[in-house]
2 protein chains.
Amino acid sequence: MKEKTKAQDICEELGLKLTPQRMAILGYLDGNTSHPSAEDIFAAVSRRFPGMSLATVYNTLASLKEKGKLLELTIDPAKKRYDPDTRPHHHLICLDCKRVSDIDRAFDLEIPDSLRNGFQITGNHIEFYGYCPECKGAAVKR
Amino acid sequence: MKEKTKAQDICEELGLKLTPQRMAILGYLDGNTSHPSAEDIFAAVSRRFPGMSLATVYNTLASLKEKGKLLELTIDPAKKRYDPDTRPHHHLICLDCKRVSDIDRAFDLEIPDSLRNGFQITGNHIEFYGYCPECKGAAVKR
DNA sequence: TATCAATTTAGAATTAATCTAAATGAAAGA
DNA sequence: TCTTTCATTTAGATTAATTCTAAATTGATA
């Protein structure tokens, strides 16, 4: 009997067809903590799957995001980054190389009504910034 | 004796020439809490100053940002937003209309070395998201 | 196996942002 | 005040990310 992959599980759960392109994208994202951009995903998946379209990457990301299986991070000024870990957590971005790293820790961010400006708050995300181990040394010169 | 505007003060402090375009942009930004995009600024300033170029807006924003007189916010997925209030503070974004509101409150966001992943952390920014007073009602239908 | 709707595809279109090179103009010195 | 100079402005081209379009393909179901 064939093993079922996580990618297959996800597609079935979401009611999406099991296409090879989708399997490859989901396989690449599974457990991936590099917070890749659409272009990164396209480059990686294209290597094993030549001829695929960048549009397919965007289509698949849109479906996953819509169904809550993927976070779209607005943290890199140049482009969107994606995170398959949808549990609440925060991020650390290197100001130099833009590497994004996870911060798995909860913070108490209660806000009194008086500061909410009438908003209904549904979530939060902390962006820590600084320099990654590789860029830290070079940062001295700045 | 002529009064000196804040815009003039800033230009002198930064060693920038006092051009009418710059004065208009700085005047528009002074005390502005709407977190405008470059396009917003261009639209507003063009009204009083027809014929100016969008490139001038980008040039001026780049100068101000570089000199630490302006924050570039990476909070709206569609475009950069700018904030003339450079004191540390956080933001609240409406998921519907993308309105951005200030949260003037300090949070204790100490991170133990063990969670820093080798990064040198230099700052942080919290993005709260939810629905603004105007969009809150409509949110029920979602 | 036939059907049908979902998906993929290439490429065009859109949009934000940056770049370029020529024209302009603010400011400092003569 | 007049010159000179260099920063700034400008229009338009360019780049890069993302979205859209319409035709071809294909997975899933009957």
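Letters go in sequence order (proteins before strands), and every chain restarts at 1. These figures come from a predicted structure and were not determined experimentally.
A side-chain donor-acceptor contact under 3.5 Å links Thr122(A) to the backbone of Tyr129(B). Under the 3.5 Å distance criterion, the side-chain polar atoms of Arg116(A) are matched with a main-chain donor or acceptor of Ile111(A).
For DNA chain D, the span of nucleotides reached by chain A at under 4.0 Å from its heavy atoms goes, 5' to 3', from dA17(D) to dA28(D).
In this structure, Tyr131(B) and Lys136(B) approach most closely via the heavy-atom pair CB-CA, 4.0 Å. Considering every non-hydrogen atom in both Phe128(A) and Ile103(A), the closest pair reads CD1-CG1, 4.1 Å.
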Check: protein-nucleotides 27-30 of chain C nitrogen or oxygen pairs below 3.5 Å:
from: dA27(C); atom 1: OP1; to: Leu18(B); atom 2: N; distance (Å): 3.1

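Under the side chain to side chain donor-acceptor pair (under 3.5 Å) criterion, Lys69(B) pairs with Glu13(B), sequence neighbours left out. By the side chain to side chain donor-acceptor pair (under 3.5 Å) test, His91(B) pairs with His35(B), Asp83(B), His89(B), Asp102(B), His125(B), sequence neighbours left out. For Asp104(B), there are no salt bridge (charged side-chain N to carboxylate O under 4.0 Å, His left out) partners two or more places apart in sequence or in a different chain. Looking at residues two or more places apart in sequence or on another chain, you find a side chain to side chain donor-acceptor pair (under 3.5 Å) between Glu12(B) and Lys4(B). Partners of Asp85(B) under the side chain to side chain donor-acceptor pair (under 3.5 Å) rule, at least two apart in sequence or in another chain, are Arg87(B).
Residue pairs meeting the salt bridge (charged side-chain N to carboxylate O under 4.0 Å, His left out) criterion with at least one partner in residues 39-68 of chain A, sequence neighbours excluded, are Lys65(A)-Glu72(A).
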Would you be so kind as to tabulate the donor-acceptor pairs closer than 3.5 Å made by side chains of residues 51-58 of chain A, with sequence neighbours excluded?
from: Ser53(A); atom 1: OG; to: Ala55(A); atom 2: N; distance (Å): 3.0

Which pairs of donor and acceptor atoms, one on a side chain in residues 18-33 of chain B, lie under 3.5 Å apart (sequence neighbours left out)?
from: Thr19(B); atom 1: OG1; to: Arg22(B); atom 2: N; distance (Å): 3.1
from: Arg22(B); atom 1: NH1; to: Lys17(B); atom 2: O; distance (Å): 3.0
from: Asn32(B); atom 1: OD1; to: Ser34(B); atom 2: N; distance (Å): 2.7
from: Asn32(B); atom 1: OD1; to: Ser34(B); atom 2: OG; distance (Å): 2.7
from: Asn32(B); atom 1: ND2; to: Tyr28(B); atom 2: O; distance (Å): 3.3

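In terms of position along DNA chain C, the nucleotide closest to Gln21(A) lies nearer the 5' end than the nucleotide closest to the other residue of the pair Gln21(A) and Pro20(B).
Within residues 68-86 of chain A, no residue approaches DNA chain C, by heavy-atom distance under 4.0 Å. Of the residues in residues 42-65 of chain B, those placing a heavy atom less than 4.0 Å from an atom of DNA chain C are Ala55(B), Tyr58(B), in numerical order.
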